[in-house]
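The chains referred to below are lettered A, B, ... by the order of the sequence lines, with proteins before strands, and numbering in each begins at 1. Please read these numbers as outputs of a predicted model, since none were measured by experiment.
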Amino acid sequence: MYSDKVMDHFNNPRNVGEIEEADGTGSVGNPDCGDIMKLTLSIEDDKIKDVKFKTFGCGAAIATSSMVTELVMGKGVDEAEDISNSTVAEALDGLPPVKMHCSNLAADALHAAIKDYKEKKS
Amino acid sequence: MNKIYFDHNATTPVLDEVFDAMLPFLKEEWGNPSSIHWAGRVPKKAVEDAREQVAAFLGCSPVEIIFTSSGSESDNLGIKGVAYAKKNKGNHIITTKVEHPAVLKTCKYLEKEGFEVTYLNVDSAGMIDLGELKEAITDKTILITIMYANNETGVIFPVEEIGRIAKEHKITFHTDAVQAAGKLPIDTATLPVDLLTISGHKLYAPKGVGALFVRRGTRVVPIIHGGHHERNRRGGTENVAGIVGLGKACEMAAADMESERAHLEKMTTRLEEGIKEKVPHVYVNGGGSPRLVNTSNISFEFIEGESILLGLDMHQIAASSGSACTSGSLEPTHVLLAMGNTAELSHGSIRFSLGRINTMEEVELLLDVLPPIVERMRSMSPLYAGSNEPVVFKR
Ligand SMILES: Cc1ncc(COP(=O)(O)O)c(C=O)c1O
Ligand code: FES
């Protein structure tokens with residue numbers, strides 16, 4: 001039911017873990033099914049130097065988490081902020097319709113982490 | 001890599017003997033059993049022979065067996081059929097919170113039709129309280145429908161006691177024995193039940209065939225109206241091949257019951273002991289109750305079930321999960337929630353249901369591949385200790 005890309009990210013997830021003393025942290029729970037993601041960012045000069053994730057969730061949740069870290073790595077904060085759940089889903093060659101909500105988890109965690117960073121900065 | 005199937009409560013393979021018995025009725029013996037001419041004779045006899053096989057398996061008379069299209073249809077017929085037949089006597093039905101949807105949704109439907117339904121609770125071990133059942137009975141209670149064994153946890157309910165209570169109060173008692181049939185000896189000659197549901201595909205017969213035992217003297221109003229089939233209780237030209245398959249499967253289940261039970265019990269015990277020994281933070285759901293010898297439902301703390309299933313599938317191992325992420329409805333299974341499990345623990349539940357095709361070697365293989373899968377998922381989980389700041393989950 002999942003694309004090869006999803007299975008690749010599920011089997012070899014990129015950037016698993018947690019950055020200590022992160023510049024931005026986003027922890028979100030998925031209101032639909034109850035899954036949880038925590039994303040941590042290390043940022044220098046508004047550029048994402050490092051990103052890590054931890055996810056409690058289904059295969060699609062883990063794959064979208066992994067994919068979102070790959071998409072934002074090295075990007076400017078403002079550019080990263082434009083990444084939406086559909087960007088992540090498309091980068092994975094699509095998700096089954098019942099699993100589209102899982103990609104919200106990844107996008108929401110990212111946006112929460114960036115918000116946290118901006119709040120900390122100001 | 002060999003394929004390993006640990007999902008027999010979902011469905012079972014068709015046994016060779018069952019397939020062979022069915023084959024003529026998909027080929028040369030295609031006649032209608034209702035026809036009086038030559039083409040109908042052999043199919044008619046085959047249906048009646050199968051009825052005898054099913055009746056022998058359940059310890060009843062052939063006239064007490066109605067063939068249906070599924071376990072779901074048998075549940076619908078048993079419940080709606082009795083509810084409508086007895087609606088002048090009362091409108092109250094008692095069931096449990098952990099029934100299969102074929103029973104639960106039928107009861108929900110009847111609520112809309114003016115019936116009142118009490119859904120009994122279960123404790124943390126998945127067991128009902130007979131005291132609560134007795135208290136729920138009113139002079140309007142016409143039907144008790146409580147499953148024999150639970151499909152998700154394998155927990156076996158005390159149907160004999162329930163039947164006695166029902167009898168004392170002159171209440172009709174239906175039990176969904178879809179998961180119990182073939183795994184537990186069932187003898188309606190001594191078991192005080194009025195109606196009992198079985199399904200072919202949980203019993204090594206094909207999908208799309210089931211049966212309902214209706215004790216003589218129990219009236220059911222048909223829900224499928226049609227011809228004179230099944231003594232006017234279920235319209236529709238018989239699924240002859242399916243019925244023949246069900247008959248053969250019942251005969252084989254009875255013959256092999258004891259050896260199969262011993263085989264299954266050994267494997268399930270090893271599986272459970274092995275997982276408890278090798279994987280920390282696991283819970284056996286229903287572990288404190290009597291359970292079917294083939295079913296083991298285990299919650300792995302801090303992780304989600306679908307991801308475990310995907311990991312197992314990489315090793316060609318099939319099982320199932322009660323996780324919200326696999327349910328389609330995005331709700332965790334009602335059975336584990338009724339047992340008071342948190343959503344998180346239900347999330348990480350995996351059901352292993354073994355069957356006659358399994359071997360001890362397959363169980364050992366599972367015990368080799370499962371612990372690293374669980375460890376890998378936990379290393380990614382924000383809930384697992386080792387995460388410096390575990391996320392507190394708010395629902
Ligand atoms: C306890 C129970 N009742 C009823 C059913 C429904 O049977 P069928 O699939 O034949 O409709 C099932 C099968 O999932 C079951 O496990
Ligand atoms: S995170 Fe629950 S369905 Fe994907």
Assess whether atom [atom1] of [X] is packed by more than 12 heavy atoms of other residues, nucleotides or ligands within 6.0 Å.
X       : atom1 : result
K115(A) : NZ    : no
K118(A) : NZ    : yes
M314(B) : CE    : no
K278(B) : NZ    : yes

Could you give the distance from [atom1] ([X]) to [atom2] ([Y]), rounded to the nearest 0.5 Å?
X       : Y       : atom1 : atom2 : result
D35(A)  : S307(B) : CG    : OG    : 8.5 Å
L383(B) : K54(A)  : CG    : NZ    : 10.0 Å
F56(A)  : R378(B) : CZ    : CZ    : 11.0 Å
E306(B) : F10(A)  : CD    : CZ    : 7.5 Å

**OP:** Flag the pair S66(A) / M380(B) as yes when at least one side-chain heavy-atom distance between them is below 4.5 Å, and no otherwise.
**Re:** no

Original post:
Between I62(A) and E304(B), is any pair of side-chain heavy atoms under 4.5 Å apart?
Top reply: no

Which pair of non-hydrogen atoms, one from [X] and one from [Y], has the smallest distance, and what is that distance?
X      : Y       : answer
T55(A) : P382(B) : C-CD, 3.3 Å
C58(A) : C325(B) : CB-CB, 3.6 Å
N11(A) : R376(B) : O-NH1, 3.3 Å

**OP:** Under 4.5 Å heavy-atom distance to chain A, tell me which part of S379(B) shows up: side chain, backbone, both or neither.
**Re:** backbone

**OP:** Against chain B, label A60(A) side chain, backbone, both or neither, depending on which of its atoms sit under 4.5 Å from a heavy atom there.
**Re:** backbone

